[in-house]
Enquirer: 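Supplied in structure tokens, the structure appears directly below.
Since we're looking at a predicted model, the values are computed, not measured.
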Amino acid sequence: MDSTVLECRQQGGAVVELLEWDAGTYDALPLPHKRWGAAAIARLELSGSETVLDLGCGTGRDAERLLGLLPQGRVIAVDGSAQMLRELRTRLASQLDRIDVLQADVREPMVLPRPADAALSVATLHWLPDHAAAFRTVAAVLRPGGRFVAEAGGAGNLATFRTALRAVSGADGSEIWNFAGAAETTDRLRDAGFTDIDVRLVEDPASLERGEQLEAFIGTVVLGAQLRELPVDERRPFVHAVAERLPEPVLDYVRLQISARKQSVP
Ligand SMILES: C[S@@+](CC[C@H](N)C(=O)[O-])C[C@H]1O[C@@H](n2cnc3c(N)ncnc32)[C@H](O)[C@@H]1O
């Protein structure tokens with residue numbers, strides 16, 4: 001079967017407007033997401049025949065790793081960005097018979113083409129304003145007993161970076177990002193029907209080289225939403241001004257790491 005591509009539409013029929021990503025630049029950067037994804041996948045403890053949902057799959061880096069661990073299994077790759085999914089299809093062109101690719105806004109309830117045995121989400125939850133709703137969505141598509149493993153920016157994430165951002169723009173990104181704490185996340189997971197819940201906040205700063213590398217990283221990975229609101233010719237100077245205000249070329253990441261299991265039917 002070929003990969004399935006679905007258009008995501010809101011109830012009224014309007015196409016949902018989501019942040020588009022510069023997928024080519026994204027993949028060329030020294031992304032800590034590579035090890036975040038690998039560590040999260042290891043926590044899934046896959047046997048090799050599962051169908052795994054990757055929520056906010058981006059360019060398919062983790063989907064590729066998953067397929068390598070799933071000789072008899074499949075991946076359902078979901079993302080809202082057409083550019084990211086185009087890159088994913090190119091990366092995984094020879095394996096599309098084992099992937100369902102869905103363009104969807106995960107803020108909305110989802111209908112998957114098949115049930116999921118496990119679910120993964122890397123560096124995506126902090127883009128979602130309502131984690132309780134997102135966890136209910138995952139619980140709804142996961143089979144009873146299925147594992148949910150996720151990681152994202154958590155409480156305290158990018159505190160130094162956000163101070164620099166506030167100095168330049170007057171806003172620190174809290175109107176855009178949702179950096180949740182461990183206790184509230186645990187409560188939301190339990191309320192959504194998860195058990196065996198383990199949620200941690202882990203400091204994990206990423207060091208970059210000042211100049212082109214740092215600014216490409218900030219412009220592509222961190223400030224996409226802010227830049228979208230600016231005229232094109234003001235974007236580079238804006239990123240440069242924020243980078244110049246950082247005391248070190250470091251993004252002071254704090255990661256929210258989630259492991260949970262959907263309750264089994266009693
Ligand atoms: C930082 S990227 C992470 C991508 C990938 N998981 C990785 O680790 O490289 C965040 C991803 O979340 C997706 N995303 C953000 N909000 C979304 C939404 N509401 N619905 C669907 N995808 C969304 C973006 O399109 C983007 O691909």
Side-chain angles (χ1 to χ4, degrees), residues 17-40 56-62 79-88 91 106 121-129 150-180 201-257:
E17 200 210 329
L18 280 175
L19 186 63
E20 261 308 340
W21 291 67
D22 178 350
T25 308
Y26 184 87
D27 266 353
L29 289 165
L31 294 169
H33 305 57
K34 293 172 189 165
R35 60 188 165 70
W36 296 339
C57 59
T59 60
R61 181 199 62 247
D62 293 329
D79 202 283
S81 161
Q83 281 203 45
M84 292 302 231
L85 292 179
R86 201 171 303 128
E87 198 79 10
L88 176 146
R91 179 198 291 265
V106 301
S121 183
V122 176
T124 297
L125 286 178
H126 54 264
W127 294 101
L128 307 181
E151 78 83 52
N157 195 39
L158 296 175
T160 302
F161 178 84
R162 290 166 67 192
T163 300
L165 177 62
R166 191 185 307 112
V168 173
S169 70
D172 73 351
S174 47
E175 71 287 2
I176 292 170
W177 299 309
N178 181 8
F179 296 141
L201 283 173
V202 179
E203 290 183 16
D204 192 5
S207 296
L208 294 148
E209 290 163 19
R210 268 215 191 273
E212 184 58 34
Q213 188 191 69
L214 176 65
E215 293 180 27
F217 193 102
I218 291 173
T220 306
V221 181
V222 188
L223 290 184
Q226 285 86 349
L227 297 183
R228 181 168 65 169
E229 304 303 320
L230 290 178
V232 173
D233 62 340
E234 291 179 22
R235 294 177 184 175
R236 270 178 171 266
F238 181 84
V239 169
H240 181 71
V242 175
E244 286 289 289
R245 287 196 174 254
L246 290 179
E248 292 177 284
V250 172
L251 291 165
D252 52 332
Y253 283 118
V254 177
R255 308 309 293 178
L256 180 74
Q257 297 180 347

Enquirer: Tell me, which pairs form a salt bridge (Lys or Arg N to Asp or Glu O under 4.0 Å) where one or both residues lie in residues 153-165, sequence neighbours left out?
Expert: R162-D172
Enquirer: Taking only residues two or more places apart in sequence or in another chain, which ones pass side-chain contact (heavy atoms from CB on, under 4.5 Å) with P247?
Expert: T160
Enquirer: List for me each residue that meets side-chain hydrogen bond (donor to acceptor under 3.5 Å, both in side chains) alongside T25, sequence neighbours excluded, and say none if there are none.
Expert: D22
Enquirer: F238: what forms a ring pair (Phe, Tyr, Trp, His ring centres under 6.0 Å) with it, not counting sequence neighbours?
Expert: none
Enquirer: Does a sphere of radius 6.0 Å around CZ in R210 hold more than 12 heavy atoms from other residues, nucleotides or ligands, not counting ones at 6.0 Å or beyond?
Expert: yes
Enquirer: Do other residues, nucleotides or ligands put more than 12 heavy atoms under 6.0 Å from E234 CD?
Expert: yes
Enquirer: Could you tell me whether the side chain of F217 reaches within less than 4.5 Å of the side chain of P32, counting heavy atoms only?
Expert: yes
Enquirer: Could you pull out the closest heavy-atom pair between A40 and V122, with the gap in Å?
Expert: CB-CG2, 4.3 Å
Enquirer: Got a second to check how far T124's OG1 is from D79's CG, nearest 0.5 Å?
Expert: 6.5 Å
Enquirer: For A82, what residues pass the side-chain contact (heavy atoms from CB on, under 4.5 Å) criterion, not counting sequence neighbours?
Expert: E20, R86, Q103
Enquirer: Would a distance-only check, ignoring hydrogens and angles, find a side-chain to backbone donor-acceptor pair under 3.5 Å from T163 to F161?
Expert: no
Enquirer: Can you sort out the partners of H126 under ring pair (Phe, Tyr, Trp, His ring centres under 6.0 Å), two or more places apart, ordered by chain and number?
Expert: F179
Enquirer: Output all residues satisfying side-chain contact (heavy atoms from CB on, under 4.5 Å) with A225, sequence neighbours left out; order by chain, then residue number.
Expert: L19, W127, I176
Enquirer: For the CG atom of L251 and the CG atom of L246, what is their distance to the nearest 0.5 Å?
Expert: 7.0 Å
Enquirer: Scan for side-chain hydrogen bond (donor to acceptor under 3.5 Å, both in side chains) pairs involving residues 216-225, sequence neighbours excluded, and state none if there are none.
Expert: none
Enquirer: Scan residues 26-37 for pairs that pass salt bridge (Lys or Arg N to Asp or Glu O under 4.0 Å), counting only residues two or more places apart or in two chains.
Expert: D27-R91, R35-D204
Enquirer: Could you tell me whether the side chain of M84 reaches within less than 4.5 Å of the side chain of Y26, counting heavy atoms only?
Expert: yes
Enquirer: For residues T59 and A23, report the shortest heavy-atom separation together with the two atoms involved.
Expert: CG2-CB, 3.9 Å
Enquirer: Restricting to non-hydrogen atoms, name the atom on V250 and the atom on S207 that form the minimum distance, rounded to 0.1 Å.
Expert: CG2-OG, 3.7 Å
Enquirer: With sequence neighbours excluded, tell me which residues meet side-chain contact (heavy atoms from CB on, under 4.5 Å) with E209.
Expert: Q213
Enquirer: Provide the closest heavy-atom pair for C57 versus L88 in the form atom of the first, atom of the second, distance.
Expert: SG-CD1, 3.8 Å
Enquirer: Of all residues at least two apart in sequence or in a different chain, which pass the side-chain hydrogen bond (donor to acceptor under 3.5 Å, both in side chains) check with R255?
Expert: E151
Enquirer: With the side chain counted from C-beta on, respond yes when V222 and V242 share a heavy-atom pair under 4.5 Å apart, and no when they do not.
Expert: no
Enquirer: Going by side-chain hydrogen bond (donor to acceptor under 3.5 Å, both in side chains), name the residues that satisfy it together with Q257, two or more places apart in sequence or in a different chain.
Expert: none
Enquirer: Can you give me the closest heavy-atom contact between L165 and G173, atom names plus distance?
Expert: CD2-N, 4.0 Å
Enquirer: Please report the interatomic distance CD(E244) to CG(L214), rounded to the nearest 0.5 Å.
Expert: 9.0 Å
Enquirer: Parallel, tilted or perpendicular: which describes the rings of Y253 and H33, with under 30° parallel and over 60° perpendicular?
Expert: perpendicular
Enquirer: Between I218 and A243, which heavy-atom pair has the shortest distance, and what is it?
Expert: CD1-CB, 4.0 Å
Enquirer: Just verifying a value: how many Å separate L256 CG and N157 CG, rounded to the nearest 0.5 Å?
Expert: 9.5 Å
Enquirer: Hey, what do you get for OG (S121) to CG (L128), rounding to the nearest 0.5 Å?
Expert: 7.0 Å
Enquirer: Could you tell me whether the side chain of E87 and the main chain of L85 form a donor-acceptor pair under 3.5 Å?
Expert: no
